[in-house]
Amino acid sequence: MLFLQWQMLQKYTWPYSDLLIKMGVISMWKQMKEDIAAIFERDPAARSTLEVVLTYAGLHAIWGYRISHKLWKSGWFTLARMVSQFTRFLTGIEIHPGARIGKQLFIDHGAGVVIGETCEIGDYVTIYQGVTLGGTGKEKGKRHPTVGNNVIIATGAKVLGSFKIGDNSKIGAGSVVLQEVPPNATVVGIPGKIVIQDGVRVGCDLDHVNLPDPVADMIRQMQRDIDRLRNELETLREDRKENERSIV
Ligand SMILES: CC(C)(COP(=O)(O)OP(=O)(O)OC[C@H]1O[C@@H](n2cnc3c(N)ncnc32)[C@H](O)[C@@H]1OP(=O)(O)O)[C@@H](O)C(=O)NCCC(=O)NCCS
């Protein structure tokens with residue numbers, strides 16, 4: 001169906017193709033086709049183009065973002081934010097119009113996804129529901145992450161701060177990532193730790209139940225020192241008593 005639409009578009013717009021290229025209509029159409037292709041490549045549940053176009057909130061959010069980003073770049077900041085908020089109202093996905101997104105981003109399910117203003121996202125990235133690409137506070141300037149190409153950010157993960165997630169990396173479900181991730185790494189946990197790097201398992205304690213308690217460790221060490229000193233004092237007292245007895 002999409003192929004037919006494409007042929008019709010070419011047939012009827014051919015005389016005006018230069019104008020349409022200048023207006024960016026043809027490149028926009030190409031981008032839309034790529035967005036749909038990305039879904040078929042990465043979601044085994046996708047069955048038909050019609051279903052994808054009508055029911056994928058992630059796709060609607062990306063198309064809404066494209067409009068708001070164009071407005072943002074043209075200086076229509078408030079209108080851009082309004083389009084972005086309206087898209088959020090429809091999809092539950094908030095993409096700031098100032099964010100920079102590469103080709104074939106796939107947002108699966110989508111609800112609760114937040115992508116901040118100074119975020120940069122590379123090509124072929126996959127993001128699941130509940131992901132936040134945000135800042136850590138009220139800092140100004142570049143304050144959101146830069147995500148490389150082919151990155152997967154699993155459901156509920158939070159990536160907070162201005163650092164890079166390297167190409168081909170995976171961020172595990174529910175992780176909170178607060179520092180740079182090298183390329184080809186898998187990061188899991190809170191705070192996020194690298195567990196796989198270039199296909200090799202990295203030694204990492206994933207025991208999230210028995211977390212270390214430095215204060216309790218310090219108190220235990222002090223108690224051991226006090227016991228040792230007490231024993232030494234007791235021995236010295238005994239020695240002194242012995243000496244006094246031998247003098248008498
Ligand atoms: C991060 C992820 C992509 C890693 O997959 P992987 O590269 O195959 O790595 P593994 O599954 O071998 O996991 C490596 C280690 O991390 C642990 N781990 C994996 N995901 C984890 C997570 N989200 N939180 C905590 N630990 C995790 C594994 O238990 C394993 O530990 P072990 O070495 O002690 O056994 C995957 O686990 C994940 O989180 N997928 C979520 C996908 C998603 O969001 N689906 C939603 C669909 S709606």
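Whatever order the structure lists ligands and atoms in, that order sets their numbers, starting from 1.
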So, taking the atom named [atom1] in [X] and the one named [atom2] in [Y], what distance separates them when rounded to the nearest 0.5 Å?
| X | Y | atom1 | atom2 | result |
| --- | --- | --- | --- | --- |
| D35 | Y56 | CG | OH | 14.0 Å |
| Q85 | M82 | CD | CE | 10.5 Å |
| I115 | E120 | CD1 | CD | 13.0 Å |

Qualifying residue for side chain to side chain donor-acceptor pair (under 3.5 Å) with E117, from R143, R100, H144: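 Between E117 and the candidates, side chain to side chain donor-acceptor pair (under 3.5 Å) is satisfied uniquely by R143.
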Which of the atoms of ligand 1 are close to [X], meaning less than 4.0 Å from one of its heavy atoms?
| X | value |
| --- | --- |
| A154 | 39 (O), 41 (C), 42 (C), 43 (C), 44 (O) |
| Y128 | 44 (O), 46 (C), 47 (C) |
| G172 | 1 (C), 23 (N), 39 (O) |
| A173 | 22 (C), 23 (N), 24 (N), 39 (O) |

Contact with ligand 1 for I196, non-hydrogen, under 4.0 angstrom: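 Yes, that is the case, since the closest heavy atom of the residue is under 4.0 Å from the ligand.
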[options]: member with heavy atom nearest to [atom]:
| atom | options | answer |
| --- | --- | --- |
| atom 16 (O) of ligand 1 | V195, T126, D43, I127 | V195 |
| atom 6 (P) of ligand 1 | K193, R201, K170, H109 | K170 |
| atom 20 (N) of ligand 1 | T155, V188, I153 | V188 |

D227/R224 ion pair, N-O < 4.0 Å: no
Min side-chain heavy-atom separation S68-R81 under 4.5 Å: no
Region of T186 that comes within reach of ligand 1 [heavy atoms, distance under 4.0 Å]: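 Answer for T186: side chain.
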N or O pair under 3.5 Å between I171 and ligand 1: no
Parallel, tilted or perpendicular: rings of H69 and Y65 (30°, 60°):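 Because their plane-to-plane angle is under 30°, the rings of Y65 and H69 count as parallel.
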